[in-house]
Amino acid sequence: MIEIRFHGRGGQGAVVASQLFADAAFLEGKDVQAFPYFGVERRGAPVTAFTKIDSDKIRDKAMIYEPDIVVVLEPSLLQAVNVTEGLKEGGLVLINTEEDAKDISERLGVKNVATVGATKIALANKLGSRVQPIVNTAIVGALAKASGLVSIDSVLKAVLKLPLYADRNAEAAKQAYEATALPGGA
Amino acid sequence: MVKEIMAGNKATAYGAMLARAQVIAAYPITPQTTIVERIADLIAAGKWDAKYVMVESEHSAMAASVAASNTGARAFTATSAHGLALMHEVLMWAAGARTPCVLVNVNRAMGPPWSVYADHQDSMAQRDTGVIQFYCENNQEILDSIVIAYKVAEDPSVLLPAMVNQDAFYLSHTSEPVDIPDQELVDGYLPPFRPSIKLDVEDPKGFGSFIMPPQYMEFRAHMARGMDAARERIRKADREWKEITGRSYGGMMDMYRCEDADFILFGAGTMMSTAKEVVDALRKEGRRVGVARLRVFRPFPYEEVRYLADRAHAIGILDRAFTFGRGGPLYNETNGQLYNHKNRPPTKNYIVGVGGRDVRQKHIRGIFDDLERFEKKGYGNEGEVHWWGLLDGSTPEVER
């Protein structure tokens, strides 16, 4: 089973990101679970969401404590939350940032760090405002690239089901997929 | 059939829609709110031909459901925790009036301390109302159970309300794949509700009248028979559902690798789904363990409990609720059913997951270890009710 933990701020769409990525994996025949951290959500406050993906039926109903992948939707969370807590040995961190992956890798003490400038991509596609950019669809596109778990086509199929601005969201996912910097600069 | 990812609350709304509920009266409460919203949306969009009744409380929601059912309409409502407690009086009425309403309860802890998280105190406290109680471990089971609940509740030999329980957040807000059966398939399984006696202005009758002591007791005995009849109806409804969908929930109880198990954990809800993972892992290590998941709490699955007792060296009973002064409700019920049974293995009560505390695989593993130790040691000297992992240091298994 692959376990993914998303860190965002209330209003950025971390919960929807966890669901979209699950839907993409589901479209590829996997069993999935997506759920928010069972906490009280407020706009701007740190939010956690989870996705589990497996080729077998997922029966474990507990939250995720030792993720394979951590996704950070907002770089300022690195100061507020211990995002790498419980990350498995050799696990991957994907961060929305303009910074160099190497610097973040050193700062977090994690080898596999992928980066994507999701905020810029979201704003270029008129998703949210400068104060409150909605980066979830961009980050899901980037996650498809960084993790290799699902194809960008499956992500786009999931994103296109969104009730609002589906086309702009799909475009953001596609652009983020292309713009993702993989660990080791590959 | 269409398979789609959805949260438990959406599966709830779809279940009620596929069952063709005709009157929905509900009042929002966290974490049930998105059920009510989804139902209102489906009706407003014209996808579901039903009457949505706005009410000012859960008490009224249940009262409206009873009234609708009295006229021969299929009634549905949903609530959680304090909302269910407020319904208590009318649940008694619904059962006594023999109105087969179905409600979904999102299992949530009772306050104070105020909480919105998973806990079975709310529904287990409704034990004596005469309402049939189902418990679910995934979102598919919620959808399926609503349809099955109507099938059982409306059976002329039963005629009692039914409540389908799903864990707060673990199901209500968790998205997972759910197979949405075709409407025709559900229609073939669940015929329209046609009670032989109903409120009808053309044929006036009185309901809920005053009654003298020489008659009251018979009414209660008939209710008791209806509830007892539900056992066989539930098993049959489960078999028939399997024939058309391929899905079965074990009838009265979902037993997982219990047949040759020496140590069995018995409990309700999502934590028992997690426990199945642990059973597979322990079996690989050569340990003969199993999990029995409570599917129906009322009527109580006494035959299934006795089946477990005939096999196990010891049974650990997991309660996500408590009867203050006398252990967990499931523990008490289980022991009570075994007193007059020839095989009575030792039982130990584990209070877990109360107020939404996450029940992880390592906790279940620890409980299996403890149960084996308990059985080997001889169980006379040990407290039989164990609050697992208390952070106040009063239990040994806490990680620090």
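So that the names make sense, note that chain A is the first sequence line, chain B the second, and so on, each numbered from 1. Quick caveat: nothing in here was measured; it's all calculated off a predicted structure.
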> Is A:Tyr65 close to B:Arg360 at the side-chain level, that is, under 4.5 Å between some pair of heavy atoms?
Replying inline: yes

> With distance as the sole test, does B:Asp358 use its side chain to make a donor-acceptor pair with the main-chain N or O of A:Met63 at under 3.5 Å?
Replying inline: yes

>> Between the side chains of B:Glu176 and A:Lys61, is the shortest nitrogen-to-carboxylate-oxygen separation below 4.0 Å, so that they form an ion pair?
In response: yes

> OG1 of B:Thr174 to CZ of A:Phe50: how many Å apart, nearest 0.5 Å?
Replying inline: 10.0 Å

> Can you tell me if CD on B:Glu285 sees more than 12 non-hydrogen neighbours from other groups inside 6.0 Å?
Replying inline: yes

>> Minimum heavy-atom separation for B:Thr274 and A:Ala62, please, with both atom names.
In response: OG1-N, 3.9 Å

> Looking only at heavy atoms, what is the nearest atom pair of A:Arg59 and B:Tyr256, with distance?
Replying inline: NH1-OH, 3.0 Å

> Any idea which of A:Lys52, A:Gln19, A:Gln33 has the most non-hydrogen atom pairs under 4.5 angstrom with chain B?
Replying inline: A:Gln33

> Donor-acceptor pair, B:Ser273 side chain versus A:Asp60 backbone, under 3.5 Å?
Replying inline: no

> What do you reckon, is CD of A:Glu85 surrounded by more than 12 foreign heavy atoms closer than 6.0 Å?
Replying inline: no

>> Heavy-atom cut-off 4.5 Å, strictly under: side chain, backbone, both or neither for B:Asp167 against chain A?
In response: neither

> Near A:Lys174 NZ, under 6.0 Å, is it more than 12 heavy atoms from other residues, nucleotides or ligands?
Replying inline: no

>> Looking at A:Gln79, I'd like to know if its CD atom is crowded, meaning that more than 12 non-hydrogen atoms belonging to other residues, nucleotides or ligands lie closer than 6.0 Å.
In response: yes

>> Run B:Lys3 and A:Phe26 through side-chain contact (heavy atoms from CB on, under 4.5 Å) and show every step you take.
In response: CA-CA 10 Å; B:Lys3 215 167 184 184; A:Phe26 170 69; 4.0 Å; yes

>> Other residues, nucleotides and ligands only: do more than 12 of their heavy atoms fall within 6.0 Å of NZ on A:Lys88?
In response: yes

